[in-house]
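The block underneath contains the structure these notes are about, expressed in structure tokens.
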Amino acid sequence: MLHSFLLSFRLRNTYKVNTFIYALKSIPGIKRLLPDKLYQNRILKIIGNIISILLEIADIFLGKFLYIFLMIFSITAIYKTNSETTFLHIFIFLTIIGTLINTYMFNPTKDKYYAMFIMRMDAKSYSLSNYFYAILKIIIGFLPFTIIFGLLSKVNLWICLLIPLFVACAKIIITAYNLSLYTKKGIVINENNLMKHIWLFILLFLGIAYGLPALKIVIPSYISVIGMILVILISTFSLKYILNFNKYREMYKQVLTSTNMNAVANANQITKENVLKQININKSLTSKKKGFAYFNDLFVKRHSKLLLKSAKKVTLISVFVIGIILLVISLNEELKGEINNVIMNYLPYFVFIMYLINRGEAVTRAMFMNSDHSMLTYAFYRKPSSILKLFKERLKSIIIINLLPATVIGLGLPLILYVSGGTSNILNYFILFISIIAMSIFFSVHHLVIYYLLQPYNIHSETKNSTYTIVNILTYVICYWMIDLRLPTLYFGLATIIFAIFYSIISLFIVYKLAPTTFKIRI
């Protein structure tokens with residue numbers, strides 16, 4: 001088993017290093033300076049290995065730190081309940097959610113396909129060695145932060161030491177259950193394509209984790225501890241089942257393959273098939289518009305289910321969250337001042353929220369898969385005038401889609417501000433609404449602009465432009481950095497509105513000038 005793990009680790013590391021070199025060669029201005037022999041360069045491979053190891057360490061510790069600090073510890077300070085019981089209450093229910101969406105065993109990754117079906121490694125030995133490595137990472141990664149933040153929340157030290165083991169054991173139980181589903185019913189779990197009822201459970205447990213403490217209802221500490229101990233004990237039987245399971249190759253063949261093709265390597269094809277199922281091919285659908293406006297209007301109508309589905313979900317969730325906040329305010333007068341302060345000074349936080357809910361990137365991907373990958377073969381499609389006309393039409397469509405949840409949030413924030421005590425400056429109400437709309441429009445423009453300027457996809461809809469990825473990462477980092485900013489709503493809101501206006505105007509000019517040479521299918 002150790003030999004299988006070391007071999008698989010080298011395989012995974014080699015894949016990461018080669019991906020790093022490929023990304024380096026894809027950066028404009030650098031790729032011409034770097035020869036194809038770069039993959040054989042020993043020094044660069046050493047650097048790549050060092051980066052890979054650092055990323056592995058970050059994966060073990062950084063994610064756990066952010067998870068516990070942002071989603072649990074920082075939240076407990078909001079509630080007027082005992083910090084120890086609240087910490088354990090939230091942690092337990094978020095752990096349940098984590099076991100539903102991530103056990104590692106059922107995550108279809110390329111390295112699993114390469115190892116088991118290309119290199120023909122022993123499936124059981126490979127699966128178990130890598131699974132237990134993932135479990136070990138969970139325990140090691142959580143341990144220092146459950147101790148630090150647990151003690152700060154007045155949780156006993158022995159309970160802090162118990163928590164990482166509880167998380168690992170909870171995942172073991174669910175893994176064994178999922179393996180038994182395959183044995184008894186032939187059901188294969190794919191963590192990249194969760195079933196609908198699992199999402200319902202996730203929403204339910206999120207409501208229990210965060211909603212009940214707001215109502216001053218939390219599970220007593222002793223019950224939480226008893227529950228964790230029971231999970232640890234039950235996991236010993238589950239562990240035995242995992243060790244005795246002998247159908248790993250057979251199971252992974254279904255997880256990783258579809259119609260005798262690699263589902264991981266062919267994930268984009270599967271995505272296309274799923275997208276095609278959501279397209280309305282009703283021939284009676286038409287439009288009274290002309291030219292590119294007609295072309296785009298027909299695309300939006302035929303893809304309305306695909307384009308609007310997520311936006312509608314986010315809109316409903318936003319209505320639910322705003323309703324919960326209003327209910328909490330009405331039930332707990334003490335929270336009014338704190339919530340009012342948040343609305344008046346935490347507007348930068350909503351930059352990150354608007355970034356997360358914006359559908360711009362998903363919409364542009366659908367545009368490429370179902371339109372541009374064919375149309376870009378025609379010269380007229382890449383003329384400056386044609387590009388600008390279609391860009392404007394598409395921008396209108398993306399803005400309208402993203403305005404569904406943005407309008408709800410934009411109206412909800414002034415309402416929460418008013419109910420929580422209001423403000424002496426009536427402009428704050430208008431600025432709150434307009435700034436949220438401005439953020440939505442900005443991200444709509446931004447995603448479409450970088451799509452046209454850095455069109456990243458090849459004919460198979462695979463991302464082949466590392467610059468596009470880097471820009472997306474930088475956008476995420478900047479938006480995430482905004483979380484820590486504390487600025488008055490009036491001033492930050494005005495700055496956001498002005499920036500969104502100028503960015504939109506400049507973007508039209510840049511797209512007109514540069515897109516004819518950049519808007520093309522990648523090789």
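All values derive from a computational prediction rather than experimental measurement.
- Using modelled atom types, no side-chain atom of Asn156 and backbone atom of Trp158 make a donor-acceptor pair closer than 3.5 Å.
- The two residues Pro164 and Phe142 have their closest heavy-atom pair at CB-CB, 3.9 Å.
- Between the OG atom in Ser330 and the CD1 atom in Ile325 there is a gap of 12.0 Å [rounded to 0.5 Å].
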Apply the test side chain to side chain contact (heavy atoms under 4.5 Å, CB included) to residues Met482 and Phe492: give CA-CA distance (whole Å), side-chain angles for both, the deciding distance (0.1 Å), then the verdict. CA-CA 11 Å; Met482 290 280 187; Phe492 183 80; 4.2 Å; yes
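- Looking at Thr95 and Phe205, their side chains never come closer than 4.5 Å, going by heavy atoms from C-beta outward.
- When Leu143, Ile139, Val225, Thr146 are each tested for a side-chain contact (heavy atoms from CB on, under 4.5 Å) with Ile163, only one passes: Thr146.
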Is there a side chain to side chain contact (heavy atoms under 4.5 Å, CB included) between Leu206 and Leu94 once you walk through the steps? CA-CA 7 Å; Leu206 275 175; Leu94 291 187; 4.1 Å; yes
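- More than 12 heavy-atom neighbours from other residues, nucleotides or ligands sit within 6.0 angstrom of CG on Leu233.
- Contact check for Leu70 versus Phe65: no side-chain heavy atoms found under the 4.5 Å cut-off.
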Assess the residue pair Leu151 and Leu157 against the criterion (side chain to side chain contact (heavy atoms under 4.5 Å, CB included)); give the C-alpha distance rounded to whole Å, side-chain angles, the decisive distance to 0.1 Å, and a yes or no. CA-CA 7 Å; Leu151 292 176; Leu157 178 60; 4.3 Å; yes
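- Remark: the Thr183 side chain and the Tyr241 side chain contain an N/O donor-acceptor pair separated by less than 3.5 Å.
- At least one side-chain heavy atom of Ile208 sits under 4.5 Å from a side-chain heavy atom of Leu204.
- A heavy-atom distance below 4.5 Å is found between the side chains of Asn358 and Ser444.
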Checking Phe442 against Phe499 for the ring-ring contact (aromatic ring centres under 6.0 Å, His included) test, could you report, in this order, the C-alpha distance in whole Å, the side-chain angles of both residues, the deciding distance, and whether it holds? CA-CA 8 Å; Phe442 163 75; Phe499 177 77; 5.4 Å; yes
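- Rounded to the nearest 0.5 Å, atoms OG1 (Thr489) and CG (Leu494) are 10.5 Å apart.
- Between Thr86 atom OG1 and His89 atom NE2 the span is 8.0 Å, to the nearest 0.5 Å.
- Between Asn402 and Met354, every side-chain heavy-atom pair lies at or beyond the 4.5 Å cut-off.
- Although no hydrogens or angles enter the test, the distance criterion places a donor-acceptor pair under 3.5 Å between the side chain of Asn246 and the main chain of Asn244.
- For the pairing with Phe69, the ring pair (Phe, Tyr, Trp, His ring centres under 6.0 Å) check across Phe61, Phe149, Phe87, Phe145 returns one residue only, Phe149.
- Taking every heavy atom of both residues into account, Pro414 and Gly410 meet most closely at CD-O, 2.7 Å.
- When all heavy atoms of Ile138 and Lys64 are compared, the pair lying nearest together is CA-CE, 4.2 Å.
- Applying the ring pair (Phe, Tyr, Trp, His ring centres under 6.0 Å) criterion to Phe352, with sequence neighbours excluded, gives Tyr476, Tyr480.
- Thr103 places no side-chain N or O within donor-acceptor distance of the main-chain N or O of Thr99, the cut-off being under 3.5 Å.
- Heavy-atom minimum distance, Ser83 versus Ser153: OG-O, 3.0 Å.
- Between Val155 and Cys160 the shortest heavy-atom distance is O-SG, 3.7 Å.
- Rounded to the nearest 0.5 Å, atoms OG1 (Thr496) and CD1 (Ile431) are 9.5 Å apart.
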After noting the C-alpha distance and the side-chain angles of Leu179 and Phe106, does the key distance pass the side chain to side chain contact (heavy atoms under 4.5 Å, CB included) rule? CA-CA 9 Å; Leu179 290 175; Phe106 301 95; 3.7 Å; yes
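- Between Phe132 and Leu243, the closest side-chain pair of non-hydrogen atoms falls below 4.5 Å.
- Considering only heavy atoms from C-beta on, Ile219 stays 4.5 Å or farther from Leu88 through its side chain.
- A pairwise comparison of heavy atoms in Ile242 and Tyr248 identifies O-OH, 2.7 Å as the closest pair.
- Remark: Lys336 pairs with Glu333 by the salt bridge (charged side-chain N to carboxylate O under 4.0 Å, His left out) rule, at least two apart or across chains.
- Arg486 places a side-chain N or O within donor-acceptor distance of the main-chain N or O of Ile483, the cut-off being under 3.5 Å.
- Between the CG atom in Leu403 and the OG1 atom in Thr407 there is a gap of 5.0 Å [rounded to 0.5 Å].
- Heavy-atom contacts from other residues, nucleotides or ligands closer than 6.0 Å to OH of Tyr131 number more than 12.
- Atom CZ of Phe350 sits about 12.0 Å away from atom CG of Leu356, to the nearest 0.5 Å.
- Using a distance-only test at 3.5 Å, with no hydrogens or angles considered, a donor-acceptor pair links the side chain of Tyr210 to the main chain of Met71.
- Within the 4.5 Å cutoff, the side chain of Ile478 has no heavy atoms near those of the Tyr355 side chain.
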